Q: 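First, the structure itself, so that you have it in front of you.
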2 protein chains.
Amino acid sequence: MSPATAAAKLTDEAGVQLEESLGLIGYRLRRAQLSVFQRFAAVFETLAIRPAEYAVLVLVDDSPGRKQSEIAAALGIKRANFVALAQGLEARGLIERLNIASDRRANALHLTPVGRSFLARARALHDELEREFIERLGGPAKREQLLDLLQRLT
Amino acid sequence: MSPATAAAKLTDEAGVQLEESLGLIGYRLRRAQLSVFQRFAAVFETLAIRPAEYAVLVLVDDSPGRKQSEIAAALGIKRANFVALAQGLEARGLIERLNIASDRRANALHLTPVGRSFLARARALHDELEREFIERLGGPAKREQLLDLLQRLT
DNA sequence: TATTGTTATACTCTATAACTATA
DNA sequence: TATAGTTATAGAGTATAACAATA
């Protein structure tokens with residue numbers, strides 16, 4: 001194989017030849033995750049929200065009144081790193097951090113009315129994106145397959 | 001549902017309840033990718049090598065003599081960020097960066113003999129890890145399914 | 001003693017701009 | 001003019017240590 005051909009294969013399609021060599025789960029997983037998150041970030045840019053912030057809103061909506069540390073732990077975020085994130089969402093008027101009578105150390109997280117309508121728009125964008133992914137995968141059954149396989153790796 | 005039950009479901013298994021709500025490809029993909037890369041990093045820690053460095057060695061072994069920028073592009077690494085990585089591998093005696101007569105700007109990357117035997121050990125660890133993942137997935141056919149589905153998302 | 005939120009800090013990864021020497 | 005390697009720098013994301021208030 002000529003150097004030029006090798007170079008073409010090496011760089012073609014962001015590493016296709018390379019994938020054959022590395023061949024593996026870790027590499028393709030990373031590639032797919034980056035690709036999906038870039039789509040996610042691009043779509044949500046219109047709402048000026050990041051994936052992690054969206055995840056927080058979803059969780060607070062589904063379990064209102066939980067403590068910061070509970071939401072953070074559920075998302076695998078250290079509570080120290082969660083502070084700025086929660087304060088940012090509060091400063092934008094999307095969530096409230098209320099005092100709890102039973103534990104004056106803790107903040108109970110709730111969505112504001114503005115936060116609820118904001119989340120509704122975000123969920124709509126997300127649903128649309130999920131449909132795009134399902135189409136790419138080849139249908140809902142393929143999506144279930146993928147989720148099952150990913151679950152086994154986690 | 002009582003608050004206590006909700007809290008248990010919220011934090012159980014690093015966000016299982018949350019996954020039902022977020023429900024989606026992006027979230028599970030991120031979780032699986034983090035889990036797999038943590039295993040990868042843990043196993044490769046014994047060789048004091050990181051996933052990206054291993055990928056570079058594999059690529060240089062398969063395509064010796066390529067330029068830094070070609071290897072970097074194939075791995076999706078900016079060439080500016082690739083400099084320290086390549087210099088580190090050279091400082092450890094794993095690769096050489098040779099002058100090219102045809103282009104005095106470029107560095108051609110090659111494995112050293114030490115680099116080759118090092119890579120052999122790394123590949124063995126990697127193969128073992130890949131077998132672990134295949135077992136978790138439920139067999140080689142499941143692995144092919146997963147790689148196919150990930151490909152479609154990329 | 002342990003936990004909650006918080007600050008400070010550091011380390012990795014990633015992204016961009018600008019420089020040099022070559023082409 | 002454009003490209004290869006390089007430097008500097010800045011932004012995310014993530015990790016730990018330590019503190020005050022509270023349990």
Side-chain angles (χ1 to χ4, degrees), chain A residues 3-4 7 10-11 14 26-27 30-31 33-35 37-38 40-42 44-45 48-56 65-91 95-109, chain B residues 7 10-11 14 26-27 30-31 33-35 37-38 40-42 44-45 48-56 65-91 95-109:
Chain A
L10 192 68
T11 57
Y27 183 75
R30 173 172 167 262
R31 284 281 176 185
Q33 198 262 332
L34 282 176
S35 176
F37 256 57
Q38 274 165 15
F40 205 97
F44 276 46
E45 200 177 326
I49 195 172
R50 284 171 293 189
E53 294 172 323
Y54 173 66
V56 170
R66 317 292 342 168
K67 292 187 289 184
Q68 280 193 197
S69 48
E70 289 174 325
I71 300 292
L75 287 169
I77 301 173
K78 303 286 177 189
R79 71 188 195 285
N81 296 325
F82 191 78
V83 173
L85 204 167
Q87 288 176 344
L89 293 175
E90 186 180 43
I95 67 171
E96 283 177 315
R97 303 191 297 157
L98 304 180
N99 296 332
I100 302 181
S102 61
D103 187 343
R104 287 191 298 170
R105 295 169 303 180
N107 295 333
L109 303 188
Chain B
L10 193 68
T11 57
Y27 183 75
R30 172 171 168 263
R31 282 283 176 184
Q33 197 263 333
L34 282 175
S35 176
F37 258 56
Q38 276 166 12
F40 205 97
F44 276 47
E45 201 178 326
I49 197 173
R50 283 169 295 189
E53 294 173 322
Y54 172 67
V56 170
R66 318 289 347 165
K67 293 186 291 185
Q68 280 192 197
S69 48
E70 290 174 325
I71 301 291
L75 288 168
I77 300 174
K78 302 285 177 190
R79 71 188 195 284
N81 296 325
F82 191 77
V83 174
L85 204 167
Q87 288 175 342
L89 293 175
E90 187 180 42
I95 67 171
E96 284 177 315
R97 301 190 300 158
L98 304 179
N99 296 333
I100 303 181
S102 61
D103 188 342
R104 288 192 296 173
R105 295 170 303 180
N107 295 334
L109 303 187

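We name chains A, B, ... by the order of the sequence lines, and we start the count at 1 in each one. Heavy-atom basis, side chains included; hydrogens, waters and symmetry copies ignored. What you see is a predicted model; the values in this text were computed from it and never measured.
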Q: Rounding to a whole Å, what distance do you find between B/Lys67:NZ and D/dT3:C1'?
A: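 To the nearest whole Å, that distance equals 8 Å.
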Q: When rounded to the nearest 0.5 angstrom, what is the spacing between CD in B/Gln68 and CG in B/Asn107?
A: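 With rounding to 0.5 Å, CD (B/Gln68) is 4.5 Å from CG (B/Asn107).
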Q: Between B/Arg104 and C/dT20, is there a contact of a side-chain N or O with OP1 or OP2 at under 4.0 Å?
A: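 For C/dT20, neither OP1 nor OP2 has a side-chain N or O of B/Arg104 closer than 4.0 Å.
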Q: Can you check the A/Asp103 CG to D/dA21 C1' distance for me, whole Å?
A: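 Going from CG in A/Asp103 over to C1' in D/dA21 covers 10 Å.
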Q: Below 3.5 Å, does any donor atom in the side chain of B/Asn107 face an acceptor in the base of D/dA4, or the other way round?
A: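 Result: no qualifying N/O pair found.
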Q: Taking atom types as they are modelled, is there a donor-acceptor pair under 3.5 Å from the base of C/dA15 to the side chain of B/Asn81?
A: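 Yes.
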Q: Please state how far atom CD in A/Gln33 lies from atom P in C/dT14, giving the value in whole angstrom units.
A: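 Rounding to the nearest Å, CD of A/Gln33 and P of C/dT14 are 11 Å apart.
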Q: Heavy atoms only: give me the nearest A/Phe37-B/Arg30 pair and the separation to one decimal.
A: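 Here A/Phe37 and B/Arg30 meet closest at CZ-CD, 3.6 Å.
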Q: Can you work out whether B/Ile77 or A/Gln68 has the more 5'-proximal nearest nucleotide on DNA chain C?
A: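 Between the two, 5'-proximity favours A/Gln68.
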Q: May I ask you to say what A/Ala86 touches in the nucleic acid, namely base, sugar-phosphate or nothing, with a heavy-atom cut-off under 4.0 Å?
A: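 If one applies the 4.0 Å heavy-atom cut-off, A/Ala86 turns out to touch nothing in the nucleic acid.
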Q: Taking CZ from B/Arg50 and P from D/dT14, how many angstroms apart are they, rounded to a whole number?
A: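 About 17 Å, once rounded to whole Å.
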Q: Take the protein atom CZ of B/Phe82 and the nucleotide atom P of C/dA15, then report the distance between them rounded to whole Å.
A: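 It is 15 Å, rounded to the nearest whole Å.
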Q: For A/Val83 and A/Arg30, take the nucleotide of DNA chain C holding the closest heavy atom to each; which residue's nucleotide lies nearer the 5' end?
A: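 The 5'-side residue here is A/Val83.
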Q: Taking all non-hydrogen atoms of both residues into account, name the closest pair between B/Phe82 and B/Val56 and its distance.
A: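 Reported closest heavy-atom pair: CE1-CG2, 3.6 Å.
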Q: Can you tell if the side chain of B/Leu109 reaches within under 4.5 Å of the side chain of B/Lys67, non-hydrogen atoms only?
A: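 The answer is no; the side chains never approach within 4.5 Å.
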Q: Looking at B/Arg79, I'd like to know whether one of its side-chain N or O atoms comes within less than 4.0 Å of OP1 or OP2 on D/dT7.
A: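 For D/dT7, neither OP1 nor OP2 has a side-chain N or O of B/Arg79 closer than 4.0 Å.
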Q: Look at all strands and tell whether B/Ala80 reaches a base, only sugar-phosphate, or nothing, counting heavy atoms closer than 4.0 Å.
A: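 Base contact - B/Ala80 has a heavy atom under 4.0 Å of at least one base atom.
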Q: Any side-chain N or O of B/Ser69 less than 4.0 Å from the OP1 or OP2 oxygen of D/dG5?
A: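 Checking B/Ser69 against D/dG5: at least one side-chain N or O falls below 4.0 Å of OP1 or OP2.
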Q: Nearest-Å distance, CG (B/Leu34) to P (C/dC13)?
A: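 Between P of C/dC13 and CG of B/Leu34: 13 Å.
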Q: Is there a side-chain polar atom (N or O) of B/Gln87 under 4.0 Å from OP1 or OP2 of D/dT6?
A: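 Checking B/Gln87 against D/dT6: at least one side-chain N or O falls below 4.0 Å of OP1 or OP2.
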Q: If I take atom CZ from residue A/Phe40 and atom CD from residue A/Gln33, how far apart are they, to the nearest 0.5 angstrom?
A: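 Taking CZ in A/Phe40 and CD in A/Gln33, the distance rounds to 11.5 Å.
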Q: With respect to the side chain of B/Lys78, which nucleotide from C/dT16, C/dG5, D/dT6 is positioned closest?
A: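 Looking only at side-chain atoms, B/Lys78 lies closest to C/dT16.
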Q: Using only modelled atom types and a 3.5 angstrom limit, is any donor from either the side chain of B/Arg105 or the base of D/dG5 paired with an acceptor on the other?
A: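 Checked by distance alone, the answer is no.
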Q: How long is the line joining CG of A/Leu98 and P of C/dT4, in whole Å?
A: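 In whole Å, C/dT4 P and A/Leu98 CG are 18 Å from each other.
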Q: Atom CZ of B/Phe37 to atom P of D/dG13: distance rounded to whole Å?
A: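 Distance check: B/Phe37 CZ to D/dG13 P gives 18 Å.
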Q: Quick one: CD1 on B/Ile71 to CD1 on B/Ile77, what's the gap to the nearest 0.5 Å?
A: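 That separation rounds to 10.0 Å.
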Q: On DNA chain D, nearest-nucleotide positions of A/Ala101 versus A/Pro51: which is more 5'?
A: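 Comparing both residues, the 5'-ward one is A/Pro51.
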